[in-house]
Amino acid sequence: MTESWLSTFPGYLATLEAVKRLFANIIQTGPVPQHIGFVMDGNRRFAKRENIELKEGHNAGFESMAKILEICYECGVKSATVFAFSIENFKRNKMEVMWLMELAKARFTQIVQNGELCEKYGIQIRIIGDKSMLPKDVLEVLNEAERITKENTRAILNVAFPYTSRYEMTNALKNIVSENVDTLDLEAITEKYVEEHLYTGDQPPLDLLIRTSGVGRLSDFMLWQVSKKGEVEMELSEKLWPDLTPWDICWILIKYSFKRSYHNNTVSSLKKVD
Amino acid sequence: MTIKSRVSIGGHRATDVSEAVKRKYQASSSLKKGSALDKLFSYVFHLILLACYFVYTIVRLVQYTNNKLRVRFLNLAYNPSKAPQLIREDVSKLGKIPKRLSVILTLKSEEEEGGGFYGLLNDAAEATTWTVAAGIPVLSIYEYDGVLKNSLEDLRISIFKKLSDYFGSSAVPTFSIRVPRTNKTYYGVNSDEDLEYKSGEIDIQLTLLSYDDGKPTIVELTKTMAELANKKEISPKDISIKLIDSELVQLIGYEPDLIVLFTPTLDLQGYPPWHIRLSEFYWEPDNEDVTYAIFLRALQKYSTCKINVGK
C-alpha cells in the first residue's frame, strides 16, 4: 500500500484535504450526479483474500464507504443511498448477522457522537427499509442518528438497512392504497406518484449506480429507480468494495461528467417526448 | 457520560458546523457573481475539467477500438452457420443454462445495416432460434416501444422462416407467442385453431414485452387495489410482496434468470422493475449488433456465476 508510507509525511492530511477540495472545485464546473446508489459488495471476499476475520472485512468496508461518501458530498452530490443490509441477509449465519448488527450499532453511535461526516457536510441520515426487523437496541441508535441529523439540509444519506426494492415498492403501493380507502382518486395514481411514494421519492432521481466485485445483478436494490431509459449510469467495478479508492470514484465522476456533457443531447430530447 | 448526553453534544456541534458550512456556501456563491478573479478561477477549473475529458477521450478511444475488435473477433470465432447442432455443442459444454431467458432489442434507424423494422424482426427471429437450439424453453423479448407486439403477423412469419432455415422445413420447432395483459397466446405461424399443435409440447414459449408491461402495469395494479380497498373488499394490510408478485407473474410472467442486452451500454430502458430482482445482466460494451457470439458469451458468463439470495 502506498498510502501507509505516504501518510507518514508531515502535512499529508492537509495536502489530501486540499487535493480533494481542488478536485471538487474542478468537477463542479460540469455535471455532477445528484443521487448515487452504492451496492457495497465484496467485504467477505476481501476478508478471505487478506486472511483476516470476516468482522474485519466488514470494518474495512465501512472505512471505504466513509472515504467515498466524503468525496462524493464534497463534489456536490445531494443524495447517496447505500445498500448496507438486505432483508435476505437475515438468512446468513447468526454470528455474522450479529456482528453486522453490532458493527452498525457501533458505527452509528460513533457517527452521532463525533459526527465527522454529518457535521462537515451537514448530512441528514435516513434509515430506509423494514426497520421492524431490527433488534431493539440497534433500532434505538439508528433512530437517534436520524433524529440528531434531522435539521441538516445540505445532503442526504439513505442507509438501506434492512432493505429490498420489492419491499420498498410494496410499501409504496400499500401507502397509496391506504390513502384511497376513504376517498378514491384514481386519476392521481401515476408513475410519478408511485415514485414519490418510494423512500427516496422526495430526493433527486438516481443518476448513478455503483456496484463492486464484478457482479452483474441488482440483487433487489433500487429496481424501480434504475430501470429508466437513458437516465441512469451503471458502473460495475471488478474491484472488491474495500479496494475501491477515492481515486476510482474521481474517475467514475469524470466519466459521468463527460457522458452527461456530450451524450446527453439524446436523453434530453427523449425526456421532452415523454 | 451516557450515550444520550454525548449524542446531544454531537448534535449541537453538528448544527454549528452546518451553519458554518452554510455561511461558507453562501459566501462562495456570492463570490461567483463577484470579482473577476473568481471568474478566472472558475474558468481555470473548467479548463482542467476539459483536460480530464481529453484524457478520458483518449482512454475511451482505446477502449472503443479494443471492444470493437473483440466483438468482431468473437463474431468470427462463433458463427452458428445456421446449424443448430453447432449451437447445441457450444451449449452442452456449459455447467448450467438459464431456464428463462430475456433479450433487450432496440429498433435501429433505417440507414444502419440490419436496422429498421425488418432488422428488428430478423433480430427477434434469430434470438428465438438460438434459444430453441440452446434448449432454453422460455424467452421474453423486450422492446421499448412495443413495435413487435404491433406486427405480430410479420413476426410469426419471420420466426417460422428462421426456424425452418436452421432446422429444416420438415422439423420446424413449435412456438407460441404470448402478449401479456391482452391474455392472448398465438401458436405457430397460423396454428391458432390447430388443437394438435396447441396441445403438443411447445418448443419455445415467447413473451413480448414493452415499456407498458413495466411501471405502467404496476400503476394499473395499484389502481385496481385502490378500488378494491375503497369498496372494502381488501384492506391495505393485505398487500404483501407475495400478493403483488403473484399478480405480476400472472399479468407479465416470471422473472428471467438472464437478460441479454444487445445495447452498447447497460441501460435497462424501463424493463419491468419487479422482474429484475436477481436477473443476471449481460451486455458487450460498444456492441449494438444482435449476434450469436454475444448470445453465447452471455450463456457462458451465466454458467459461471453463482446466485445466492442474501448470502
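Just so we're on the same page: letters track the sequence lines, and every chain starts at 1. Because only heavy atoms are used, hydrogens play no part in the values below, and waters and symmetry mates are left out as well, while side chains stay in.
- For A:Y193, the OH atom is densely surrounded, since the number of other residues' heavy atoms within 6.0 Å is greater than 12.
- Contacts between A:N175 and chain B at a heavy-atom distance below 4.5 Å are absent for every atom of the residue.
- Only the backbone of A:T183 comes within contact range of chain B, judged by heavy atoms closer than 4.5 Å.
- Looking at B:I276, both its backbone and its side chain come within 4.5 Å of chain A, counting heavy atoms on both sides.
- For the atom pair CD (A:Q28) and NE2 (B:H46), the distance works out to 13.5 Å, reported to the nearest 0.5 Å.
- Only the side chain of A:L236 comes within contact range of chain B, judged by heavy atoms closer than 4.5 Å.
- Of the two parts of B:D245, only the side chain, counted from C-beta on, holds a non-hydrogen atom closer than 4.5 Å to a non-hydrogen atom of chain A.
- The line from NZ of A:K259 to OG1 of B:T265 is 7.0 Å long, rounded to the nearest 0.5 Å.
- Between A:S227 and the options B:W274, B:Y211, B:Y271, a side-chain contact (heavy atoms from CB on, under 4.5 Å) holds for only B:Y271.
- In this structure, the portions of A:L184 lying under 4.5 Å from any heavy atom of chain B include both its backbone and its side chain.
- When heavy atoms are compared at a cutoff of 4.5 Å, A:V194 approaches chain B solely by way of its side chain, counted from C-beta outward.
- Looking at A:S178, both its backbone and its side chain come within 4.5 Å of chain B, counting heavy atoms on both sides.
- Among A:E191, A:M222, A:M234, the residue making the largest number of heavy-atom pairs under 4.5 Å with chain B is A:E191.
- The line from OG of A:S219 to CG of B:L278 is 6.0 Å long, rounded to the nearest 0.5 Å.
- B:F45 places a side-chain heavy atom less than 4.5 Å from the side chain of A:L22.
- Of the atoms belonging to B:L50, it is side-chain heavy atoms, and not backbone ones, that fall under 4.5 Å from chain A.
- The stretch residues 212-233 of chain B participates, sequence neighbours left out, in these side-chain hydrogen bond (donor to acceptor under 3.5 Å, both in side chains) pairs: B:K149-B:D213, B:R181-B:D213.
- A:L218 is listed as a side-chain neighbour of B:L268, based on a closest heavy-atom distance under 4.5 Å.
- Looking only at distances, a side-chain donor or acceptor of B:D267 sits under 3.5 Å from a matching main-chain atom of A:G230.
- Heavy atoms of B:V44 lying under 4.5 Å from chain A are absent altogether.
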